[in-house]
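Predicted model only: the values in this text are computed from it and were never measured.
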Amino acid sequence: MGKLTALKIRSLIAPGRYSDGDGLFLEINGKGAASWVLRIQNKGKRQDIGLGSLKAVSLKDAREAAFLTRQKIAQGIDPVAERKQERQVIPTFRKAAEMVHEEHQKAWKNGKHQDQWISTLKTYAFPKMGDRLVSEIEGPLIRDVLAPIWLTKPETARRVRQRIGTVLDWSYARGFRATEAPMRSLSKGLPRQPKKESHFAALPYASVPNFLEKLGERESVGRVALEALILTAARSGEIRGATWSELDLEAALWTIPAERMKMGRVHVVPLAPEAVAVFERAKAFKVGASELVFPGQNVTKPLSDMTLLKILRDMDLAVTVHGFRSAFRDWVAEQTDYSGEIAEAALAHTVTNKVEAAYRRTDFLDKRRLLMREWAVFCKKTPPASDENRDDESNA
């Protein structure tokens, strides 16, 4: 039995705290208003929890609420946090995604990326989970969203997974969920995706401009070669073996002969003005005894691949030289509307579909010229070409 009774409570007038026992108090303030307070020890800390006003909560109800609260604490449940969550209106995944998009898009300078971020969720996630509360979304539902595209559209599926995780982590931070996104267990419920070039450790494409800025703080044949590699999206062997006879800087073209290409086909690389400028700088390393654009210590032999890798290691980057091609490919997919065919042509990849390969009669040179110009503008943070210049380039 508690110390307080209904009769005694009616006689209480003076401000103060009146104990009923087991940490339950009736608190009367200077204005005569009375409310119930439960004092408990939670994880070694004293905590006062309000249980409501005397007008709304009777002595019997206050004792029951105090008992239930102590029971929750014994079970490891934080009643204050639980109450805060109950007071919030839990949004649906669709609403939470729109709120995340609204908050984050201010930091995205590229409008296309802003649109793509939410459009992938609208296409692949909203149909199955858009109307579900974020507090109800668990691993099996996310798996059901990803499974249909996990193998057929692996790159898109990974982006959808990442964006779902962002929405759920944001919901957790806002108190709408009890846990962060359950993403780690998803790999157990989905098949292994086919291997692709992205297994090369790559610098995120968003970090490439700052990397180039830092790279340009010093000038060496290796650093100029690495800059040329990034701006042309070329393979290491292609850039290191480049010769002056392959370059037509006036026409802004680099023609790599079939014998130097991985796929055994001639590859023509359109050079953006920024790339032409890099090859112009390479003339400072030109020696009469060699045709190589980037000669090694033995000027008759190409620069070593380890020279390029050492530059990255000296800059404390655990990425590979080849990874810059992956960064370029991700940038095309995330930040532009160019088709995958054009991106693959820029990377000199072969067409895997034999029927399509048999009928293709173009290498998309004009479109690749525009693509490489946009890549260079992004990488070097240069102002985009005017409409007049862009028209000139498209007619080149």
Measuring from atom [atom1] of [X] to atom [atom2] of [Y], what distance do you get when rounded to the nearest 0.5 angstrom?
X	Y	atom1	atom2	value
Q335	F378	CD	CZ	6.5 Å
R325	L347	CZ	CG	4.5 Å
L212	K214	CG	NZ	12.5 Å
L38	D20	CG	CG	10.5 Å
L231	M372	CG	CE	7.5 Å
E138	M129	CD	CE	10.5 Å

So with a 6.0 Å cut-off around [atom1] of [X], is the heavy-atom count from everything else above 12?
X	atom1	result
E64	CD	no
Y172	OH	no
K128	NZ	yes
E103	CD	yes
R218	CZ	no
E280	CD	yes

Within the 4.5 Å heavy-atom criterion, are [X] and [Y] side-chain neighbours or not?
X	Y	answer
N210	K381	yes
Y338	L370	yes
L249	K283	yes
L215	M315	yes

Ion pair E227/K380, N-O distance below 4.0 Å: yes
Working for side chain to side chain contact (heavy atoms under 4.5 Å, CB included), residues R368 and I342: CA-CA 7 Å; R368 286 193 291 119; I342 297 172; 4.0 Å; yes
Salt bridge (charged side-chain N to carboxylate O under 4.0 Å, His left out) assessment of E334 paired with R158: CA-CA 12 Å; E334 285 275 10; R158 288 193 296 273; over 6 Å; no
M183 and Q162: CA distance, side-chain angles, deciding distance, side chain to side chain contact (heavy atoms under 4.5 Å, CB included) verdict: CA-CA 9 Å; M183 310 309 287; Q162 186 270 332; over 6 Å; no
Verdict with supporting geometry, W254 and E246, side-chain hydrogen bond (donor to acceptor under 3.5 Å, both in side chains): CA-CA 6 Å; W254 172 26; E246 296 172 3; 2.9 Å; yes
Between [X] and [Y], which heavy-atom pair has the shortest distance, and what is it?
X	Y	value
I311	G222	CD1-C, 3.4 Å
L121	A97	CD1-CB, 4.0 Å
P302	R240	CB-O, 3.4 Å
I28	A34	CG1-CB, 3.9 Å

Donor-acceptor check, side chain of [X] to backbone of [Y], threshold 3.5 angstrom: yes or no?
X	Y	result
R17	F25	no
R70	D22	yes
R177	V134	yes

Any donor-acceptor N or O pair under 3.5 Å, side chains K153, Y124: yes
Ring geometry between W375 and W331 (parallel below 30°, tilted from 30 to 60°, perpendicular above 60°): tilted
Geometric cation-pi criterion R94 and F126, 6.0 Å radius, 45° cone: yes
Stepwise side chain to side chain contact (heavy atoms under 4.5 Å, CB included) check, L312 with F324: CA-CA 11 Å; L312 298 176; F324 286 103; 4.0 Å; yes
